Amino acid sequence: MDPNDSAVIAQAGPNAVHLVVLTGMSGGGKTVALRALEDLEFYCVDNLPASLLPRLVNAVLEDRGGQRMTRIAVGVDARNREHDIEIMPSVLSELAAAGVQVHLIFLDCRDEVLIKRYSETRRRHPLAMRNVSLADAIAAERRLLRPLMGIAEKVIDSSALNVHQLRRLVATDYARATEGLTVMFQSFAFKRGLPLDADFVFDARCLPNPHWQPQLRPLSGKDAPVRDFLDADPLVGEYFADTVRWLEAWLPRFEADDRSYVTISIGCTGGRHRSVYLVEQLAAHFRARRGGVLTFHRELE
């Protein structure tokens, strides 16, 4: 690391910045994990050369409009040059010595699951070339990334995890790098069962159902026509306002009790319209007032 690169970092002092490096097998869930950290207001960069990490940390630490950003997440995978992967351990070690809290997460996955995922999405593996099979490309990537797996703070096997489970796992572990309570708003369909990870459940089935409007049925609560339909009904506004009042009264109690993560689940019959609309509205309301707000739509993923 260039001595000039460490100047700002050292001035920031110990524990001033969290750097999460996401690496692992292509198709293992790095994009999902990076988005979870982005929702936690990390400054996220994908596929950054290892040699540029110190400069990135210094740039992000610089004062921007009176607010210093102190949470960074970087994606590193087989798209990086082999040299970058080789020097990554020494770069991370030097950053840690300069006062950065470094977290290296390795996202692993069984070969047969990776092959299935690539077959289903028809994406090309970054190491797959002409006359190289997918299985051989995966094996080559494992060899390339083995040194990073060996020094990882945490290895996550995503083989049996769905998108939501992976997002929650990453967010729960690294919510401690954010200030205050992290809140997950998720929508779901009652007809498919209650979410097992819900801390609180709100039932929106009493509200007018866009499903019975033929032109709205194919849409979701994220679409403007559905939003307009629900916005026009006073009952929806009353439900939203009551929910906000309850959450504003009780979330601080959980925060004071040292809780780092809470999941608020909103359900309707099909999990596509009313619950999605309310999750988006609630997330927008609370994001304007606090950090660490996540959303997940179980039936839309």
Side-chain angles (χ1 to χ4, degrees), residues 29-42 44 46 120-121 123 161-171 175 182-248 251 261-301:
K30 289 189 301 299
T31 300
V32 172
L34 199 63
R35 286 176 180 169
L37 294 174
E38 188 173 26
D39 287 341
L40 286 172
E41 299 184 352
F42 278 72
C44 295
D46 195 16
E120 290 174 347
T121 61
R123 292 173 52 214
L161 299 177
N162 60 34
V163 171
H164 176 45
Q165 290 168 330
L166 179 57
R167 286 183 66 183
R168 173 159 185 151
L169 183 61
V170 172
T182 297
V183 182
M184 165 73 83
F185 290 102
Q186 68 171 329
S187 65
F188 72 96
F190 274 99
K191 68 180 183 180
R192 295 189 178 179
L194 292 171
L196 297 179
D197 57 353
D199 294 304
F200 298 99
V201 175
F202 291 86
D203 189 344
R205 288 176 293 185
C206 60
L207 301 179
N209 193 350
H211 175 81
W212 302 117
Q213 305 295 319
Q215 71 276 20
L216 301 181
R217 188 174 300 170
L219 306 178
S220 80
K222 291 184 175 183
D223 295 311
V226 175
R227 293 200 307 269
D228 293 342
F229 174 85
L230 294 170
D231 284 341
D233 195 296
L235 187 64
V236 176
E238 184 178 347
Y239 188 102
F240 173 78
D242 285 346
T243 305
V244 166
R245 279 193 292 270
W246 191 90
L247 292 173
E248 288 181 340
L251 285 179
Y261 198 98
V262 65
T263 299
I264 311 297
S265 299
I266 315 289
C268 61
T269 306
R272 289 189 54 83
H273 299 109
R274 294 165 291 182
S275 59
V276 171
Y277 165 88
L278 285 168
V279 160
E280 292 294 319
Q281 296 297 311
L282 288 167
H285 175 87
F286 282 96
R287 279 190 182 124
R289 292 159 176 78
R290 60 184 300 134
V293 175
L294 310 178
T295 61
F296 178 72
H297 301 293
R298 192 179 75 177
E299 318 308 343
L300 298 186
E301 295 291 339

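Since the model is a prediction, treat every value here as computed from it, not as a measurement. Residue numbers run from 1 in the order of the sequence given. Values below: every heavy atom of this structure, side chains too, minus hydrogens, waters and symmetry copies.
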Exercise. Shortest non-hydrogen contact from P234 to A232?
Worked result: CD-O, 3.5 Å
Exercise. Is there side-chain contact between H285 and L247, with heavy atoms separated by less than 4.5 Å?
Worked result: no
Exercise. Can you find a side-chain donor-acceptor pair between T269 and R274 that sits under 3.5 Å?
Worked result: yes
Problem set entry | Step-by-step side-chain contact (heavy atoms from CB on, under 4.5 Å) determination, F188 to H297 | CA-CA 7 Å; F188 72 96; H297 301 293; over 6 Å; no
Problem set entry | Y261 versus L294, closest heavy-atom pair with distance | OH-CD1, 3.7 Å
Problem set entry | Neighbour count above 12 (heavy atom, 6.0 Å) for R35 CZ | no
For this session: Compare all side-chain heavy atoms of V276 with those of L300 and state whether any distance is below 4.5 angstrom.
Result: yes
For this session: Would you check if F229 and H273 make a side-chain contact, meaning some heavy-atom pair closer than 4.5 Å?
Result: no
For this session: Return the minimal non-hydrogen interatomic distance between A204 and L278, and the atom names on each side.
Result: CB-CD1, 3.7 Å
Exercise. Within the distance-only criterion (no hydrogens, no angle test), does the side chain of R298 pair as donor or acceptor with the backbone N or O of S187 below 3.5 angstrom?
Worked result: no
Problem set entry | Separation between CE of M184 and OG1 of T263, rounded to the nearest 0.5 Å | 6.0 Å
For this session: Quick one: closest heavy-atom pair of C44 and L37, and the distance?
Result: SG-C, 4.1 Å
Exercise. Distance from T243 atom OG1 to I266 atom CD1, nearest 0.5 Å?
Worked result: 6.0 Å
Exercise. Can you name the nearest heavy-atom pair linking C206 to L235, along with the distance?
Worked result: O-CD2, 3.8 Å
Problem set entry | Expected output: side-chain R227 to main-chain K222 donor-acceptor under 3.5 Å | yes
Exercise. Can you tell if the side chain of V236 reaches within under 4.5 Å of the side chain of D231, non-hydrogen atoms only?
Worked result: no
Problem set entry | Gap between atom CG of L216 and atom CG of N209 - 0.5 Å precision | 10.0 Å
For this session: Keeping the roles fixed (side chain from E299, backbone from A189), state whether a donor-acceptor pair exists under 3.5 Å.
Result: yes
Exercise. So W246 and F200, would you call those rings parallel, tilted or perpendicular, with 30° and 60° as cut-offs?
Worked result: perpendicular
Exercise. Okay, side chain of R272, backbone of L219: is any donor-acceptor separation there less than 3.5 Å?
Worked result: yes
Problem set entry | Spacing of CG belonging to L207 relative to OH belonging to Y277, to within rounding of 0.5 Å | 9.5 Å
Exercise. L230 versus Q281: any side-chain heavy-atom pair under 4.5 Å?
Worked result: no
Exercise. Is T295 close to R287 at the side-chain level, that is, under 4.5 Å between some pair of heavy atoms?
Worked result: yes
Exercise. Which residues satisfy the salt bridge (Lys or Arg N to Asp or Glu O under 4.0 Å) test with D242, sequence neighbours excluded?
Worked result: R245
For this session: Using a 4.5 Å cut-off on heavy atoms from C-beta on, say whether the side chain of F202 contacts that of Y239.
Result: yes
Exercise. Sub-3.5 Å donor-acceptor pair from the side chain of D223 to the main-chain atoms of S220, do we have one?
Worked result: yes
Problem set entry | Side chain proximity check, V201 to D203, heavy atoms < 4.5 angstrom | no
For this session: Measure from NZ or CZ of R167 to the centre of the six-membered ring of F296, then state whether that distance is under 6.0 Å and the direction lies within 45° of the axis.
Result: no
